[in-house]
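A short worksheet on the structure shown next.
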Amino acid sequence: MATSSAASSVDMEDIQTVDLMSELLRRMKCASKPDKRLVFIGPPGSGKGTQSPVIKDEFCLCHLSTGDMLRAAVAAKSPLGVKAKEAMDKGELVSDDLVVGIMDEAMNRPKCQKGFILDGFPRTVTQAQKLDEMLNRRGAQIDKVLNFAIDDSVLEERITGRWIHPSSGRSYHTKFAPPKVPGVDDVTGEPLIQRKDDNADVLRSRLDAFHKQTQPVIDYYAKKGNLVNIPAEKAPEEVTKVVKKVVST
């Protein structure tokens with residue numbers, strides 16, 4: 001035990017004072033924030049990924065995506081992570097109970113103390129029910145479910161007009177954020193590419209799957225009275241204002 005304590009002491013000593021002070025100030029600011037447990041639901045291209053980091057920082061929440069949590073649990077070799085790895089190594093889907101268990105573990109982290117944003121989970125009503133059961137055991141519940149509602153035709157225009165600079169990840173859009181020179185990155189002058197998935201046929205397939213799988217989840221939360229529809233077709237800064245207002249109330 002002494003060895004572990006000494007190791008953590010050395011680790012702390014290695015951290016720059018300015019970083020320690022920044023983290024201390026952040027935690028002091030976060031202490032007065034109300035707890036929030038949120039679910040973000042929306043099709044690909046609806047803007048969940050743009051809004052999550054903004055809301056996470058504003059309300060001192062942790063952002064939990066199933067993929068990230070599974071990878072972290074596997075890397076940490078926790079008992080649940082070991083079971084998840086066994087399933088993935090066999091090419092099997094990780095069971096809902098395992099995913100919810102790993103989520104339960106993740107919620108014990110200090111950064112999740114004020115609550116969380118769930119992104120990409122639950123995808124089915126069964127998962128939503130298991131999530132509710134786990135939170136009930138903690139004496140908690142989902143506060144708000146934000147449904148990023150947007151027409152499929154708007155998504156098609158958003159997705160198919162997207163161009164990427166591969167090495168930096170900078171993204172452009174032929175209509176909403178065009179590069180200075182068509183097909184060329186503003187900074188390096190290198191050619192832009194379109195991702196293979198960013199075409200109308202792939203998008204329609206993904207949207208069909210999303211609607212079939214997720215509509216029952218949206219209905220489930222609507223019946224519970226904690227679903228809020230977000231007008232996701234608006235400009236990102238307008239959506240941010242709406243989301244902040246919804247989360248604050």
Side-chain angles (χ1 to χ4, degrees), residues 1-8 11 30 35-44 46 48-49 51-53 55-56 59-148 197 202 205-206 208-221 223-224 226-227:
M1 193 73 185
T3 309
S4 160
S5 183
S8 64
D11 289 343
C30 288
D35 291 5
K36 298 285 179 184
R37 296 170 190 85
L38 310 172
V39 173
F40 280 12
I41 291 178
S46 61
K48 298 193 313 298
Q51 301 301 327
S52 292
I55 301 306
K56 173 180 83 78
F59 294 91
C60 302
L61 308 175
C62 62
H63 179 228
L64 299 176
S65 80
T66 46
D68 291 344
M69 282 187 299
L70 282 170
R71 283 187 287 273
V74 169
K77 296 182 179 174
S78 71
L80 291 177
V82 169
K83 285 184 182 176
K85 186 175 187 301
E86 285 172 3
M88 290 189 284
D89 285 348
K90 291 176 188 170
E92 298 170 356
L93 285 174
V94 179
S95 73
D96 290 343
D97 287 324
L98 257 181
V99 173
V100 171
I102 288 168
M103 201 169 286
D104 194 15
E105 283 183 347
M107 288 175 193
N108 292 327
R109 296 179 200 157
K111 68 178 181 179
C112 296
Q113 188 179 0
K114 302 305 290 185
F116 55 78
I117 297 170
L118 280 182
D119 182 357
F121 189 95
R123 289 180 188 274
T124 65
V125 171
T126 300
Q127 289 177 349
Q129 290 167 336
K130 288 181 183 294
L131 174 63
D132 282 345
E133 289 165 10
M134 181 267 282
L135 288 172
N136 286 339
R137 289 195 293 273
R138 286 176 162 264
Q141 62 182 10
I142 295 296
D143 298 306
K144 296 259 173 72
V145 178
L146 279 65
N147 177 32
F148 286 72
D197 285 356
V202 172
S205 172
R206 290 174 71 193
D208 285 346
F210 170 81
H211 292 311
K212 283 175 190 165
Q213 190 179 51
T214 312
Q215 192 57 50
V217 178
I218 292 169
D219 296 340
Y220 173 82
Y221 285 118
K223 284 175 191 164
K224 291 175 78 74
N226 56 0
L227 182 84

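By the 4.0 Å N-to-carboxylate-O rule, D132 lies close enough to K224 to be salt-bridged with it.
No side-chain heavy atom of K36 sits under 4.5 Å from any side-chain heavy atom of I55. Within the 4.5 Å cutoff, no side-chain heavy atoms of F40 are placed close to those of S46. Between N226 and K144 there is no side-chain heavy-atom pair separated by less than 4.5 Å. Counting heavy atoms from C-beta outward, N108 and R138 have side chains that approach closer than 4.5 Å. Under the 4.5 Å side-chain criterion, counting only non-hydrogen atoms from C-beta, V217 is not in contact with Q127. In this structure the side chain of L227 never reaches within 4.5 angstrom of the side chain of Y220, judged on heavy atoms. The shortest side-chain heavy-atom distance between Q51 and I117 does not fall under the 4.5 Å cut-off.
Annotation: the span from N136 atom CG to L131 atom CG amounts to 9.5 Å, rounded to 0.5 Å. Between the CZ atom of F121 and the CZ atom of R123 there is a distance of 9.5 Å, given to the nearest 0.5 Å. Taking OG1 from T66 and CG from D96, the interatomic distance works out to 10.5 Å, rounded to the nearest 0.5 Å. Rounding to the nearest 0.5 angstrom, the gap separating the CD atom in Q113 from the SG atom in C62 is 10.5 Å. Atom CZ in R71 sits 12.0 Å away from atom CD1 in I102 (nearest 0.5 Å). Put simply, CG on L98 and CG on D104 are 12.0 Å apart, with the number rounded to the nearest 0.5 Å.
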### Task
Using the side-chain contact (heavy atoms from CB on, under 4.5 Å) rule, take K56 and L38 through it: C-alpha gap first, then chi angles, then the decisive distance, then the call.
CA-CA 10 Å; K56 173 180 83 78; L38 310 172; over 6 Å; no

### Trace of the side-chain contact (heavy atoms from CB on, under 4.5 Å) decision for L64 with M107
CA-CA 9 Å; L64 299 176; M107 288 175 193; 4.3 Å; yes

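Across all non-hydrogen atoms, the minimal contact from P44 to R206 is CB-NH2, 3.4 Å. Scanning all heavy atoms of the two residues, the minimum distance from Y221 to P122 falls at OH-CG, 3.4 Å. Considering every non-hydrogen atom in both R109 and A72, the closest pair reads NH2-CB, 4.0 Å. K48 and P43 make their closest contact through NZ-O, 4.1 Å (heavy atoms, listed as atom of the first residue, atom of the second, distance). Residue C112 comes nearest to A106 through the heavy atom pair SG-O, 3.5 Å, listed as atom of the first residue, atom of the second, then distance.
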Can you list, pair by pair, the side-chain donor-acceptor contacts under 3.5 Å of residues 78-90, counting residues two or more places apart and other chains?
| from | atom 1 | to | atom 2 | distance (Å) |
| --- | --- | --- | --- | --- |
| S78 | OG | G81 | N | 3.0 |
| K85 | NZ | D89 | OD2 | 2.8 |

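Heavy-atom contacts from other residues, nucleotides or ligands closer than 6.0 Å to CD of Q141 number 12 or fewer.
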